[in-house]
**Student:** 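What follows is a single structure, and I will ask about it in a moment.
Throughout, numbering of the chain's residues begins at 1 and tracks the sequence. Worth saying up front: this structure is predicted, and the values here are computed from it rather than measured.
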Amino acid sequence: MIGLFDEIAYGKLEGVAEIRLNRPESRNPISARPGGTRDQILAALADAEADPTVGAVLVTGAGAAFSAGGDLAGNPIREHAADEARFRETADDFHRRVRRCPLPVVAAVRGYCLGAAVVLAASCDLVVAGDDARFGLPEGRLGLPGAAGLVPLIGRQWAKFLILTGELIDAGLAQRIGLVTAVVPAAELDPRARDLAARLSRMPREATTLNKRAVDAAADASGDEAARVAASGYDVITLAMSGRAQAPDGRPFAEIRREEGVRGLKAAREAQFTTPWLHRSYEPRAGA
């Protein structure tokens, strides 16, 4: 164990470093405060990379959920456009750092994986999901951004659907659109994900790093990184305008957050709609 971690748990066993989001009582929110969840993840990654006995990293969540997303209650309220720009730049730097980890990074996802947690999982090399996993970008319903980083993985139509509707999708659909590598029974998630990470840890470390770099370089040359950079400016503007986004009753979501907290935000969001639009229409028909 290194440092003083209060939002993650970190340990190493048989060549695998495990980073576990560790606030299960609130579904493992990801805080962006200095020294918070993101900084603690980066400290753990640095330790794993410096340890020659570690060959892979496993990222998971404690309790019934991977993570319900950004820490709306714990992150400081941003008052100015410059604050939003710094927030976005810090988030981009964090996800870029996870993607550039020289070790293979496996995400094990159970239960809710929402908002910032979707982007974290997508920044990992491989994603193993329990069949109880649910993915979504509900922040779109509050006037916030979050989908741009997913476009290289899932394409523009599904990225638009997730951010414009805020609707959740199940693990099976997440796999079909490219967000998830494999789906396993929820009860088998931990051992299956750890087995995958352990297998990766036994590969030649230098070759693994170089093969990761080669694949990433090919993807970036095809436009992945350029797409993320191009979208960041729009996301900053969306963040700066989010204070004007209104709930169905006409009140700004920012005002609801100040006066009623996260519970009020969720109630206002539910006033938009509560039933899913997709239902099962995306399921392949029998015999198809």
**Student:** M203 and R199: which non-hydrogen atoms are nearest, and at how many Å?
**Tutor:**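 In this case the closest contact between M203 and R199 is CE-O, 3.3 Å.
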**Student:** A268 and A247: which non-hydrogen atoms are nearest, and at how many Å?
**Tutor:**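 It is CB-CB, 4.0 Å.
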**Student:** If you take all heavy atoms of L153 and G178, which pair is closest and at what distance?
**Tutor:** CD2-O, 4.1 Å
**Student:** Salt bridge (Lys or Arg N to Asp or Glu O under 4.0 Å) with E167: which residues, sequence neighbours excluded?
**Tutor:** none
**Student:** Heavy atoms only: give me the nearest Q272-P248 pair and the separation to one decimal.
**Tutor:**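 For Q272 versus P248, the nearest heavy atoms are CG-CG, 3.7 Å.
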**Student:** Quick one: list whatever passes side-chain contact (heavy atoms from CB on, under 4.5 Å) with Q175, sequence neighbours left out.
**Tutor:**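 Q175 satisfies side-chain contact (heavy atoms from CB on, under 4.5 Å) with V180, V183 once adjacent residues are dropped.
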**Student:** Which heavy atom of A108 sits nearest to which heavy atom of T60, and what is that distance?
**Tutor:** O-OG1, 3.3 Å
**Student:** Checking the side chain of R205 only, and the main-chain atoms of V54 only, is there a donor and an acceptor separated by less than 3.5 Å?
**Tutor:**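 Looks like yes, one N/O pair under 3.5 Å.
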**Student:** Which atoms form the tightest heavy-atom contact between P29 and T37, and what is the distance?
**Tutor:**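 Smallest interatomic distance, heavy atoms only, reads O-OG1, 3.6 Å.
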**Student:** For the pair R88 (side chain) and V236 (backbone), establish whether a donor and an acceptor sit closer than 3.5 Å, ignoring hydrogens and angles.
**Tutor:** no
**Student:** Relative to each other, are the rings of F5 and Y10 parallel, tilted or perpendicular (30° and 60° limits)?
**Tutor:** perpendicular
**Student:** Are the side chain of T165 and the backbone N or O of F161 linked by a donor-acceptor pair below 3.5 Å?
**Tutor:** yes
